[in-house]
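These numbers come from the heavy atoms of this one structure, side chains and all, not from hydrogens, waters or symmetry mates.
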Amino acid sequence: MSLNEYFEELAKNLKRLTEDERREVISFYREYASEAGIENGDEMIKHFGSPRELTAVIYTEAAAKEINPDSEKKGNTGRGFLICLAALMCFPLSASAIIVFVSVIFALLVSVISIFFPLIISSIAIAISGIWALIHGFTYIVPFQPGALLMSLGSFLVLTPMGCTFLALIIWVTKKVIDSITLFITKYIRRRSRHEA
């Protein structure tokens with residue numbers, strides 16, 4: 001295998017990255033190969049593994065950057081998780097190991113969704129009930145019932161912020177759980193690969 005064939009195959013495997021990211025990665029490894037005196041694809045395979053193995057490592061690095069972004073760039077948990085799954089699919093594992101990984105990840109996601117979805121709906125319902133109490137409270141202005149009006153206003157002031165706070169907390173915890181799953185997979189692939197970042 002020639003060096004160009006190695007990099008062509010690497011570029012084909014890096015579909016989950018943007019065009020700019022792909023160009024940057026290929027440029028980095030081409031420069032590395034020229035500085036290290038690597039002259040053909042077989043030497044690249046000895047150094048970094050097959051293009052598919054190197055793709056898995058590059059994907060784990062990209063996923064880690066997405067969930068732990070630098071100060072210049074805002075990270076994207078969903079994109080990081082999808083890149084991490086792509087890394088897992090590129091990593092040379094046996095079919096049974098891939099089935100186990102996918103099953104565990106699917107079970108974790110179903111668990112997260114089954115726990116947090118009802119909590120999200122409840123938080124939204126609490127916030128909406130506070131808004132409804134405020135709107136309903138205005139009906140007490142015409143017959144002038146200040147006690148009922150104040151009770152409605154108090155319900156709004158308690159329920160709406162409480163619902164919004166719970167919603168923000170649930171979204172934050174969900175993001176942290178997905179980040180933890182992504183980090184676990186990236187650490188596993190880094191440990192099992194020959195190339196350390």
Side-chain angles (χ1 to χ4, degrees), residues 14-18 21 55-91 93 95-141 145-192 197:
L14 294 172
K15 294 175 191 154
R16 284 271 176 209
L17 299 181
T18 64
E21 291 171 328
T55 300
V57 172
I58 291 168
Y59 276 160
T60 59
E61 292 168 4
K65 283 181 188 173
E66 285 294 332
I67 61 173
N68 294 321
D70 54 12
S71 59
E72 302 167 6
K73 181 182 147 189
K74 187 171 170 56
N76 183 337
T77 297
R79 181 172 186 261
F81 184 71
L82 290 176
I83 290 172
C84 186
L85 289 180
L88 191 59
M89 293 303 143
C90 288
F91 198 69
L93 296 171
S96 59
I98 289 176
I99 291 170
V100 168
F101 260 113
V102 170
S103 300
V104 168
I105 290 168
F106 180 74
L108 285 171
L109 285 177
V110 167
S111 300
V112 166
I113 290 169
S114 66
I115 291 169
F116 291 118
F117 185 73
L119 293 174
I120 289 171
I121 298 299
S122 300
S123 299
I124 292 170
I126 290 170
I128 289 174
S129 67
I131 294 169
W132 181 85
L134 177 68
I135 293 169
H136 184 68
F138 287 118
T139 62
Y140 295 116
I141 291 176
Q145 297 175 341
L149 177 62
L150 289 174
M151 186 175 71
S152 296
L153 182 62
S155 296
F156 167 73
L157 292 174
V158 170
L159 294 176
T160 302
M162 184 188 322
C164 292
T165 303
F166 285 156
L167 185 61
L169 181 65
I170 291 164
I171 291 170
W172 180 78
V173 168
T174 304
K175 181 184 179 309
K176 291 298 179 188
V177 167
I178 292 172
D179 286 351
S180 298
I181 293 169
T182 304
L183 276 176
F184 172 77
I185 294 171
T186 58
K187 286 179 182 176
Y188 174 79
I189 290 175
R190 282 181 182 162
R191 258 195 328 261
R192 296 288 307 263

Reported [atom1]-to-[atom2] distance for the pair [X] and [Y], which is rounded to 0.5 angstrom:
X      : Y      : atom1 : atom2 : answer
Thr174 : Phe116 : OG1   : CZ    : 4.5 Å
Ile170 : Thr165 : CD1   : OG1   : 10.5 Å
Ser114 : Leu119 : OG    : CG    : 10.0 Å
Glu61  : Glu21  : CD    : CD    : 12.0 Å
Thr186 : Ile181 : OG1   : CD1   : 12.0 Å
Leu167 : Ile121 : CG    : CD1   : 9.5 Å

Let me see the working for Leu17 and Ile58 under side-chain contact (heavy atoms from CB on, under 4.5 Å), right down to the final yes or no.
CA-CA 10 Å; Leu17 299 181; Ile58 291 168; 4.0 Å; yes
Considering all heavy atoms of both residues, which atom of [X] and which atom of [Y] are nearest to each other, and what is their separation?
X      : Y      : value
Ala133 : Ser152 : O-CB, 3.1 Å
Ala62  : Ile83  : CB-CG2, 4.1 Å
Thr182 : Ala63  : CG2-CB, 4.1 Å

Please determine which of Ile126, Ile128, Ile131 meets the side chain to side chain contact (heavy atoms under 4.5 Å, CB included) test together with Leu159.
Ile126
According to ring-ring contact (aromatic ring centres under 6.0 Å, His included), does anything in residues 149-187 pair up with another residue at least two apart or in another chain? List the pairs.
none
Of all residues at least two apart in sequence or in a different chain, which pass the ring-ring contact (aromatic ring centres under 6.0 Å, His included) check with Tyr140?
His136
For Ile141, the side-chain contact (heavy atoms from CB on, under 4.5 Å) test, sequence neighbours excluded, returns Phe138, Leu149
